[in-house]
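Worksheet: one structure, shown below.
Letters go in sequence order (proteins before strands), and every chain restarts at 1. In this text the structure is predicted, and so the values were computed from the model without any measurement.
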Number of protein chains: 2
Amino acid sequence: MPPRRREDAPPKTHRAITLRLTLSDRVALGPGKADLLQAIRETGSIAASGRRMGMSYQRAHDLVSALNADFRAPLIETVTGGTRGGGARLSPLGEEVLAAFRDVERQAEIATAERLGWLRGMLAG
Amino acid sequence: MPPRRREDAPPKTHRAITLRLTLSDRVALGPGKADLLQAIRETGSIAASGRRMGMSYQRAHDLVSALNADFRAPLIETVTGGTRGGGARLSPLGEEVLAAFRDVERQAEIATAERLGWLRGMLAG
């Protein structure tokens, strides 16, 4: 039997392209932050998102703090209390930033598909 | 006075986009390998290329071995002896692979320039 993955662990990336955007001297946006934004969007929880990505809560929380400080407005809003005991969600700007990054990934994949196919054809046996 | 860089050290990347291509389950091609190919092309030496990139000779040599094993034909040819005491250069396939990677980078930058500009405009301060 093949080893089982944890149910909440995503498959290792099989993206053809991994993209990191340099936004300024100190701010970059890459797959780690994008996947964290997406996990928060899907789980509504920083802790669950960290677990899904195999990172500590502290690391996930630090990335959230950085993302919120680096942009004009917070990308992630935390919600305290309530029936679900608090949580996190993307702000409208967070939704836009995540969508822009995914769009950039798609556009880069389309733009580079032909060369990528050629490179794959040049691999050994 | 600003701190001086070593003459042979390249500036830290200011590329808007850093791209890593997944070519197979085990082979990826990213800025490290591409810059190493380019350095070998420009310096004619694995040792000098390693120094330029701030990596040990062993690390540079291991990357060269991996690149040569991963593709249909070696990307780097080593030249022993001769008036310059040996050296390294790109094979025809090495030239093509490097050119393809740089082309992919350019195409990705063009395809994503607009969204990248928008993301930069959303930064704080």
Side-chain angles (χ1 to χ4, degrees), chain A residues 11-34 37 66-75 91-125, chain B residues 11-34 37 66-75 91-125:
Chain A
K12 277 286 174 194
T13 179
H14 289 106
R15 287 176 189 130
I17 290 182
T18 305
L19 206 62
R20 184 172 306 280
L21 305 178
T22 302
L23 300 185
S24 76
D25 280 355
R26 355 169 268 106
V27 181
L29 189 59
K33 287 177 181 172
L37 287 172
L67 281 165
N68 280 353
D70 288 341
F71 285 84
R72 285 186 179 189
L75 304 191
S91 69
L93 181 60
E95 294 279 358
E96 282 190 280
V97 165
L98 176 59
F101 186 81
R102 294 305 185 207
D103 199 50
V104 163
E105 283 185 318
R106 271 190 301 275
Q107 288 177 22
E109 282 192 24
I110 292 166
T112 63
E114 192 178 336
R115 292 282 184 186
L116 187 64
W118 181 83
L119 282 164
R120 286 178 167 160
M122 288 302 117
L123 289 183
Chain B
K12 277 286 173 194
T13 179
H14 289 106
R15 288 176 189 130
I17 289 182
T18 305
L19 207 59
R20 183 172 306 280
L21 305 178
T22 301
L23 300 185
S24 76
D25 280 354
R26 355 169 267 106
V27 181
L29 190 58
K33 287 177 181 171
L37 287 171
L67 281 165
N68 280 353
D70 287 341
F71 285 84
R72 284 185 180 190
L75 304 191
S91 69
L93 182 59
E95 294 280 358
E96 283 191 280
V97 165
L98 177 58
F101 186 81
R102 293 304 185 209
D103 199 50
V104 163
E105 282 185 319
R106 271 191 300 275
Q107 288 177 22
E109 281 191 27
I110 292 166
T112 63
E114 192 179 335
R115 292 282 184 187
L116 188 63
W118 180 83
L119 281 164
R120 286 178 167 159
M122 289 301 117
L123 290 182

- Item | Under 4.5 Å from a heavy atom of chain B, the part of A:Ala69 involved | backbone
- With sequence neighbours excluded, what pairs up with B:Glu96 under the side chain to side chain contact (heavy atoms under 4.5 Å, CB included) test? A:Trp118, B:Leu93
- Message: Suppose we screen for side-chain hydrogen bond (donor to acceptor under 3.5 Å, both in side chains). Which residues come up paired with B:Arg115, at least two apart in sequence or across chains?
- Response: A:Asp103
- If one checks every heavy atom of A:Val104 against chain B at 4.5 Å, the contacting part turns out to be both
- Query: At what distance, to the nearest 0.5 angstrom, does CG of B:Leu19 lie from OG1 of A:Thr18?
  - Reply: 8.0 Å
- Message: With rounding to the nearest 0.5 angstrom, report the CG to CE distance, B:Leu23 to A:Met122.
- Response: 11.5 Å
- Is B:Thr112 reaching over with its side chain to a backbone N or O of A:Ala108, donor-acceptor style, under 3.5 angstrom? no
- Heavy-atom pair count under 4.5 Å with chain A, highest-scoring of B:Gly121, B:Ala28, B:Gly30: B:Gly121
- Query: Side chain, backbone, both or neither: which part of B:Leu29 has a non-hydrogen atom closer than 4.5 Å to chain A?
  - Reply: side chain
- Picking from B:Ile110, B:Leu116, B:Asp70, which has the most non-hydrogen pairs under 4.5 angstrom with chain A? B:Asp70
